[in-house]
*Asks:* 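Okay, handing you the structure first.
Order of appearance sets the numbers: ligands from 1, and atoms from 1 within every ligand. No hydrogens, no waters, no symmetry mates; every other heavy atom, side chains included, goes into these values.
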Amino acid sequence: MSAFYRRSAIYAAFFAPSAEIRASIDRLVRKHLRRAPRRVIDPACGPGLWLEHFQTQGAEVAGCDLEESAIVGATARLPKRGARVLVGDMRRPPDELGAEFDCAINLDNSIGHLNDPLDVVAHFASMRQRLSPRGIYVIGLAIREAKDTIPTGIVFERGPVDIDGGGFAALRTESLGLDAITRCERIRQITITANVPETPSVIAEQYDLLTFTFAMLKDILEAAGGFDVLDCRDATDEDLPTKPFRKGAGDVVLVLRAKAPSPAKAPRKSASAKRASRKHA
Ligand SMILES: C[S@@+](CC[C@H](N)C(=O)[O-])C[C@H]1O[C@@H](n2cnc3c(N)ncnc32)[C@H](O)[C@@H]1O
């Protein structure tokens, strides 16, 4: 998956967060920090739509993305004021982004782009190093059990919509279902554009998004050094109602906080990592 994400203006036209979801995320963050966040990192920031949201509230923001053109878009979107956005991999965001963030945000199942559970462990382990001791990680992901099936067919269809910079586009995303072995949901997506500068008239692509069984997610969090799950919300409703954190919870937004480092737990890291990869390979 990349051709769509390389088109920052098109991505923003379809996926700019609504006023409802922004208000829900603000409530969630303030509930757990007891104030607005001061330093926010998005490790798969795309064109910086969520970073922009927090920057307008006065937070210092930083982020990275694999796609250089997404970073060009994010740089243009975020007025200087200390914003740092760099090309980088969420498995280990660049050190230059800094640390001591009181809030990390990574929504829309972006973490599913890491198809290997060991890469997810690496990601959470690096995020622990970026967060301040009371910092929170607000993350969107999918918890699905082996027996779960998901409806196949169209999951998103919109357009034509106007694109910043000129032209218009329509987007259709379909789910081809869950692969029981890889735990990935296969997504097929077609974007049709007209008069969008330097953009092909059709972008068609297919990609896989990793989902997590409940047991696998708990193993991964443990293997990454340990996170407490402070909150679990239903990501399919923009009001983000509370949802039990349990098997087959589905599409959720979790609020995580790193457990305090404990030397006694260090040897369990590799054991859990091995277990996570063995069980779910
Ligand atoms: C759904 S978008 C999220 C955009 C962003 N969080 C926002 O505020 O709009 C997913 C992003 O993940 C990026 N991505 C995929 N794999 C990545 C990786 N290993 N490291 C960093 N970014 C990655 C894609 O390029 C894409 O921009």
Side-chain angles (χ1 to χ4, degrees), residues 1-19 21-22 24-26 28-29 37 40-57 59 61-78 83-97 101 103-127 130 137-142 155-156 158 163-164 171 173 175 184-185 187 189 191 203 205-211 220 224 235 238 251 253-254:
M1 174 67 175
S2 55
F4 180 75
Y5 286 147
R6 276 189 213 123
R7 313 283 165 183
S8 286
I10 300 181
Y11 178 86
F14 289 103
F15 295 116
S18 67
I21 189 67
R22 283 188 277 121
S24 298
I25 289 291
D26 284 348
L28 194 57
V29 168
V40 179
I41 182 170
D42 181 340
C45 68
L49 299 169
W50 277 105
L51 292 180
E52 179 182 39
H53 170 71
F54 287 109
Q55 193 184 53
T56 55
Q57 297 177 7
V61 298
C64 68
D65 198 281
L66 271 190
E67 294 296 339
E68 190 170 353
S69 51
I71 292 303
V72 170
T75 306
R77 179 177 305 280
L78 301 166
R84 275 188 215 173
V85 279
L86 299 172
V87 174
D89 193 319
M90 70 173 123
R91 285 174 292 184
R92 195 185 193 299
D95 291 343
E96 295 82 351
L97 294 179
F101 292 95
C103 179
I105 185 120
N106 191 4
L107 298 176
D108 302 320
N109 203 8
S110 301
I111 197 172
H113 287 297
L114 299 177
N115 289 172
D116 181 339
L118 286 180
D119 286 341
V120 182
V121 172
H123 167 72
F124 279 116
S126 348
M127 294 309 286
R130 300 284 179 282
Y137 188 4
V138 183
I139 183 162
L141 48 79
V155 290
F156 184 91
R158 216 181 127 206
I163 304 299
D164 246 11
L171 176 66
T173 310
S175 173
C184 285
E185 179 180 4
I187 303 288
Q189 182 164 293
T191 316
I203 303 171
E205 55 197 339
Q206 183 169 286
Y207 59 96
D208 291 335
L209 286 179
L210 184 64
T211 69
I220 285 173
E238 293 205 326
D251 293 301
V253 172
L254 301 178

*Asks:* Under 4.0 Å from a heavy atom of Pro43: give me the atoms of ligand 1 that qualify, with their elements.
*Replies:* 21 (C)
*Asks:* Which one holds for Phe15 and ligand 1: side chain close, backbone close, both close, or neither close, with close meaning a heavy atom under 4.0 Å?
*Replies:* neither
*Asks:* Quick one: do the Glu238 and Ser18 side chains pair a donor with an acceptor below 3.5 Å?
*Replies:* yes
*Asks:* If you count every heavy atom of other residues, nucleotides or ligands that lies below 6.0 Å from Asn115 atom CG, does the total exceed 12?
*Replies:* yes
*Asks:* Only heavy atoms of Asp42, strictly under 4.0 Å: list the atoms of ligand 1 that pass.
*Replies:* 5 (C), 6 (N), 8 (O)
*Asks:* Short list, please: which atoms of ligand 1 are under 4.0 Å from a heavy atom of Glu67?
*Replies:* 25 (O)
*Asks:* Taking only heavy atoms of Tyr11, which atoms of ligand 1 are found under 4.0 Å from at least one of them?
*Replies:* 1 (C), 2 (S), 3 (C), 4 (C), 9 (O)
*Asks:* Can you find a side-chain donor-acceptor pair between Glu185 and Thr211 that sits under 3.5 Å?
*Replies:* no
*Asks:* Are His123 and Asn106 side-chain neighbours, meaning at least one heavy-atom pair lies under 4.5 Å?
*Replies:* yes
*Asks:* Need the ligand 1 atom indices (1-based, order shown) with element for anything under 4.0 Å from a heavy-atom of Ser110.
*Replies:* 1 (C), 2 (S), 3 (C), 10 (C)
*Asks:* Apply ring pair (Phe, Tyr, Trp, His ring centres under 6.0 Å) to residues Phe156 and Phe15 and explain how you reach the verdict.
*Replies:* CA-CA 11 Å; Phe156 184 91; Phe15 295 116; 5.1 Å; yes
*Asks:* Can you name the side chain to side chain donor-acceptor pair (under 3.5 Å) partners of Arg6, sequence neighbours left out?
*Replies:* Ser2, Glu67
*Asks:* Would you mind telling me if ligand 1 is within reach of the side chain of Pro17, the backbone, both or neither, using heavy atoms under 4.0 Å?
*Replies:* neither
*Asks:* Can you tell me which portion of Ala44 lies within the under-4.0 Å heavy-atom range of ligand 1? Options are side chain, backbone, both, or neither.
*Replies:* both
*Asks:* Is the backbone N or O of Arg91 less than 3.5 Å from a side-chain atom of Ser126, with the two atoms forming a donor-acceptor pair by type?
*Replies:* yes
*Asks:* Would you say the rings of Phe101 and Tyr137 are close, in the sense that their centroids are separated by under 6.0 Å?
*Replies:* no
*Asks:* Using heavy-atom distances, let me know which of Asn115, Asp65, Leu51 sits nearest atom 27 (O) of ligand 1.
*Replies:* Asp65
*Asks:* Hey, does Glu52 have a side-chain heavy atom less than 4.5 Å from the side chain of Val61?
*Replies:* no
*Asks:* Under 4.0 Å, counting heavy atoms only: does Cys45 come that close to any atom of ligand 1?
*Replies:* yes
*Asks:* Short list, please: which atoms of ligand 1 are under 4.0 Å from a heavy atom of Leu114?
*Replies:* 19 (N)
*Asks:* Please compare His53, His113, Arg91, Met90 and report which has the shortest non-hydrogen distance to atom 20 (N) of ligand 1.
*Replies:* Met90
*Asks:* Please determine whether the number of non-hydrogen atoms from other residues, nucleotides or ligands lying under 6.0 Å from atom CD of Glu68 exceeds 12.
*Replies:* no
*Asks:* Would you mind listing which atoms of ligand 1 come within a distance below 4.0 Å of any non-hydrogen atom of Gly88?
*Replies:* 20 (N), 21 (C)
*Asks:* Looking only at distances, please establish whether an N/O atom of ligand 1 is found under 3.5 Å from an N/O atom of Asp108.
*Replies:* no
*Asks:* Can you tell me if Gly63 has a non-hydrogen atom under 4.0 Å from ligand 1?
*Replies:* no
*Asks:* For ligand 1, is any non-hydrogen atom under 4.0 Å from Tyr5's backbone (N, CA, C, O), its side chain (CB onward), both, or neither?
*Replies:* side chain
